[in-house]
There are 4 protein chains.
Amino acid sequence: MTKAERTRELIITKAAPLFNTKGVAGTSMSDILEVTKLAKGSLYVHFEDKEDLAHAVVDYHIERLGKAIETALGKADSAQGKLLAYIDLFMDPVNPLLAGGCPMLNFGMESDDTDQVIRKKICSFMDTGLKLIYSIIKSGKDNGEFKADWDGKEFSIRMFATIEGGIMMSRIAGDNKTMKVIARGLKKEIEDHSA
Amino acid sequence: MTKAERTRELIITKAAPLFNTKGVAGTSMSDILEVTKLAKGSLYVHFEDKEDLAHAVVDYHIERLGKAIETALGKADSAQGKLLAYIDLFMDPVNPLLAGGCPMLNFGMESDDTDQVIRKKICSFMDTGLKLIYSIIKSGKDNGEFKADWDGKEFSIRMFATIEGGIMMSRIAGDNKTMKVIARGLKKEIEDHSA
Amino acid sequence: MTKAERTRELIITKAAPLFNTKGVAGTSMSDILEVTKLAKGSLYVHFEDKEDLAHAVVDYHIERLGKAIETALGKADSAQGKLLAYIDLFMDPVNPLLAGGCPMLNFGMESDDTDQVIRKKICSFMDTGLKLIYSIIKSGKDNGEFKADWDGKEFSIRMFATIEGGIMMSRIAGDNKTMKVIARGLKKEIEDHSA
Amino acid sequence: MTKAERTRELIITKAAPLFNTKGVAGTSMSDILEVTKLAKGSLYVHFEDKEDLAHAVVDYHIERLGKAIETALGKADSAQGKLLAYIDLFMDPVNPLLAGGCPMLNFGMESDDTDQVIRKKICSFMDTGLKLIYSIIKSGKDNGEFKADWDGKEFSIRMFATIEGGIMMSRIAGDNKTMKVIARGLKKEIEDHSA
DNA sequence: TATGAATGAGCCTTCATTCAT
DNA sequence: TATGAATGAAGGCTCATTCAT
């Protein structure tokens, strides 16, 4: 890793929680300067402009969330275990994995009308997540864990939406009660479809 | 309605789509001046500062959304009809009721870490919505429309979360496919609990 | 004159010598702030941006130079007198009428490849000057002051060019010797064509 | 020529048209980096600072223009031929010998109030040019080509000024019409003084 | 000699807001 | 109440230059 790469990484990791917490528009380059303790022009050695940095930060969040999911699911050795692990990962929106909360909600809701590049990044990550859940269900049906007549497509979409909605509700409420209800509901549904 | 009140109302209604689309941080007082065609100082005759205006705009969104729900549900004369009407109201996130999309998602996600006043306004509106759905189910159980063993509390939370998550997903994707799957799922569940 | 107009005028008159001396690119908005003693944002109340101000300053120089020519020529009551008065106006390039020197040279040479709006402003003023000289010669021929076979068109162009070239040479040299030689030559030629 | 000398030369030749077109203040070191495709620090290996480079670029222009004059005049074998060749060299200001136009006008008008080093370089080159024209006339008078009573000093100054003024006018107008009128006038005057 | 990351002053401009009218 | 000129902090970004490698 060259010095430039290390500095670039430093900027991204320090900027990430700011963008995810205060939004892109709500975060100034000076805010980032402050947390990185870099000099004025240095940001522009590594990023063309604020937009370019914001995109890199979104990528970083996507990568971190993706890896967290991968790790969590890697520990489970059954399809059902993986689905439950996925849900558990989002069980505590008040103290989230990534400071500021779910980047899909944060960047997705800020960018849907204002930054198509970010919107598309989030969109493609969402697709990946959706496909992951679907593939777990499918493999669970293939190996006999889940009932063959379970509509995996419908459930994966609904599970994804419900979790995101639950995160939103819990963060707005400032407590995890809602999320717990939702998790229980989803888990029950999964168990009900166990063969 | 005095002239002052009318001007205040004008500012709010013109500012509302801007705030809901570009966010509070992403909208400048000049943006609002432009769409209202008012003079610079005028904004501050009616609002203390940008924050004050933002709060009024959030209230306005809440009121409009509340009335839209009330109207839609008023047309239905059964509990089941009301639940389905509620769902239908959010079926088209790409061309939403309020320009910019669901204000709970937009303002909720921007404010959760930055503006406690807005967060609480959204939170209390969310509670109202939740209680409304719950009360419809309850009255449906009371009048024999719904099965008595249906867990109304759990469902109202899950329905609310799923719809919001569906809105988020559809807006990020830029099409309503996801929302349709979700609506179908919720409606089926409601029908399954009909007595 | 409203307050705004007065402030606008103040900015232009204070900025004019700066632009004409250091060039548009070489003058910063802070330089202008300093001489006007205005606050940062104030410039942008009256001018869209630096370019807009630069254009206004060019207009101002054109107007001032135009009026100076008009005044000087107004005092002469013969065609020959007017031509000589014109030459005299440019006789002291080291202490020019307008601080920084001839705006046609300064703005013309800076803008020819960089700012077409300025270039065109200067071009049209140049045309006006050219036509003025030509019309004086013509009226002098009409009233019998000048020989009828004098080529007024050719001379007006050559006189204009020679004066501008002389200004350039004197300013580069830092003394008016060159300009004096040129003035003498032009005056002699004019006298040679007296009827 | 060492590698260092070659790099220095590369920088100068690439920077020259930029400075002559956009001015010293209007050209940034990054602009030069871009056209030379050199690394950031490299410029400062060969030049102390921007000023130093600007001075070298002025020298380069002076040298190139000097050589062009020398070459053009070398082809003529009479005094009159040399004078006409000089004029012809400046006949097309819209497509000038040096990109950006006459460096005496460009650098002279930018520097007269701002950079005394450049001003003096241009001034001394101007003197050289003036003396060259004068010496041609003198040798023409000596060898009987020109009338003995021709005021060579006055004419050389006037010719120089008229050409520079003509260049200025043609560049501002964006066409060579003016220059053609001027060239014709000067040439006629030269012929009129042929013995 | 050459590199390119780093610097921090300074660039033009916009911001939310105030104030005299 | 309404106006729009004025304010100055802060915005994002570029500048010429330095320095460790």
Side-chain angles (χ1 to χ4, degrees), chain A residues 2-8 10-11 25-33 36-54, chain B residues 2-8 25-33 38-54, chain C residues 2-8 10-11 25-33 36-54, chain D residues 2-8 25-33 38-54:
Chain A
T2 68
K3 177 130 191 264
E5 282 168 339
R6 257 182 294 128
T7 305
R8 195 185 146 92
L10 169 85
I11 295 170
T27 303
S28 76
M29 292 304 256
S30 311
D31 292 340
I32 293 161
L33 246 35
T36 55
K37 285 162 202 316
L38 286 171
K40 211 123 207 214
S42 302
L43 255 31
Y44 295 90
V45 172
H46 303 280
F47 300 95
E48 272 201 1
D49 51 26
K50 190 188 176 182
E51 206 185 24
D52 186 26
L53 170 55
Chain B
T2 68
K3 184 165 182 225
E5 281 169 338
R6 257 182 296 128
T7 304
R8 194 185 146 91
T27 303
S28 74
M29 293 304 256
S30 311
D31 290 340
I32 293 160
L33 246 34
L38 286 172
K40 205 115 225 201
S42 297
L43 289 183
Y44 292 88
V45 173
H46 301 281
F47 301 94
E48 266 195 11
D49 52 23
K50 189 186 175 183
E51 208 184 21
D52 186 24
L53 170 55
Chain C
T2 67
K3 177 131 192 262
E5 281 168 339
R6 258 182 294 129
T7 305
R8 195 186 145 91
L10 168 84
I11 295 169
T27 303
S28 76
M29 293 303 257
S30 311
D31 291 340
I32 294 161
L33 246 35
T36 54
K37 285 162 201 317
L38 285 171
K40 210 110 208 219
S42 301
L43 254 31
Y44 293 89
V45 173
H46 302 281
F47 300 95
E48 272 200 2
D49 50 26
K50 190 188 176 183
E51 206 185 24
D52 186 27
L53 171 55
Chain D
T2 67
K3 184 165 182 223
E5 282 168 339
R6 258 182 292 127
T7 304
R8 194 186 146 91
T27 303
S28 74
M29 293 302 255
S30 311
D31 291 340
I32 293 160
L33 247 35
L38 286 172
K40 206 116 224 199
S42 297
L43 289 183
Y44 293 89
V45 173
H46 301 280
F47 300 95
E48 265 194 11
D49 51 25
K50 189 187 175 182
E51 208 185 22
D52 186 24
L53 171 55

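All values derive from a computational prediction rather than experimental measurement. Reminder, nothing fancy here: chain letters follow the sequence lines and each chain counts from 1.
- The side chain of H46(A) contributes an N or O atom lying less than 4.0 Å from OP1 or OP2 of dA6(E).
- Considering only residues two or more places apart in sequence or on other chains, L33(D) meets the side chain to side chain contact (heavy atoms under 4.5 Å, CB included) condition with K40(D), L43(D).
- The side chain to side chain donor-acceptor pair (under 3.5 Å) check on D49(A) picks up nothing, with sequence neighbours excluded.
- Contact annotation: T7(B) side-chain N/O to dT1(F) OP1/OP2 distance is not under 4.0 Å.
- At the heavy-atom level, A4(B) lies nowhere under 4.0 Å from the strands shown.
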Open item on the list: Protein within reach of the bases, or only the backbone? For nucleotides 13-21 of chain E, mark each nucleotide 5' to 3' as B, S or -, using heavy atoms under 4.0 Å.
Closed with: BBSSBB---
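- In this structure, D52(D) has no salt bridge (Lys or Arg N to Asp or Glu O under 4.0 Å) partners at least two apart in sequence or on a different chain.
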TODO: Apply side-chain contact (heavy atoms from CB on, under 4.5 Å) to I32(D) and M29(D), showing your working.
DONE: CA-CA 5 Å; I32(D) 293 160; M29(D) 293 302 255; 4.2 Å; yes
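- Atom pair K37(C):NZ and dT7(F):C1' shows a separation of 17 Å (rounding to whole Å applied).
- Each of dA2(E), dA5(F), dT3(F) was ranked by its minimum atom distance to the side chain of K3(D); first place goes to dA2(E).
- Dashed line: the shortest gap from a side-chain N or O of S42(A) to OP1 or OP2 of dG8(E) is not under 4.0 Å.
- Atom CD1 of I32(C) and atom P of dG10(E) are 17 Å apart (whole Å).
- The CG-C1' distance, from D52(D) to dA16(F), rounds to 14 Å in whole Å.
- Note: CZ (F47(C)) to P (dC12(E)) measures 15 Å, nearest angstrom.
- Scored by the side chain to side chain contact (heavy atoms under 4.5 Å, CB included) test, K3(B) finds R6(B), T7(B) as partners (sequence neighbours excluded).
- Residue L43(C) contributes atom CG, which lies 13 Å from atom C1' of dG8(F) at whole-angstrom precision.
- Within 6.0 Å of the CD atom in E48(A), the count of heavy atoms belonging to other residues, nucleotides or ligands does not exceed 12.
- Distance I11(C) CD1 to dA6(F) C1': 11 Å, rounded to the nearest Å.
- Scanning for side chain to side chain donor-acceptor pair (under 3.5 Å) contacts around S30(D) gives an empty result, with sequence neighbours left out.
- Helical stems of DNA chain E (runs of at least 3 Watson-Crick or G-U pairs, donor-acceptor distances under 3.5 Å) are listed by first residue: E:2-21 with F:2-21.
- We find the CG-NE2 distance between L38(D) and H46(D) to be 7.0 Å, quoted to the nearest 0.5 Å.
- Checked against side chain to side chain contact (heavy atoms under 4.5 Å, CB included), A39(C) has the following partners two or more places apart in sequence or in another chain: S42(C).
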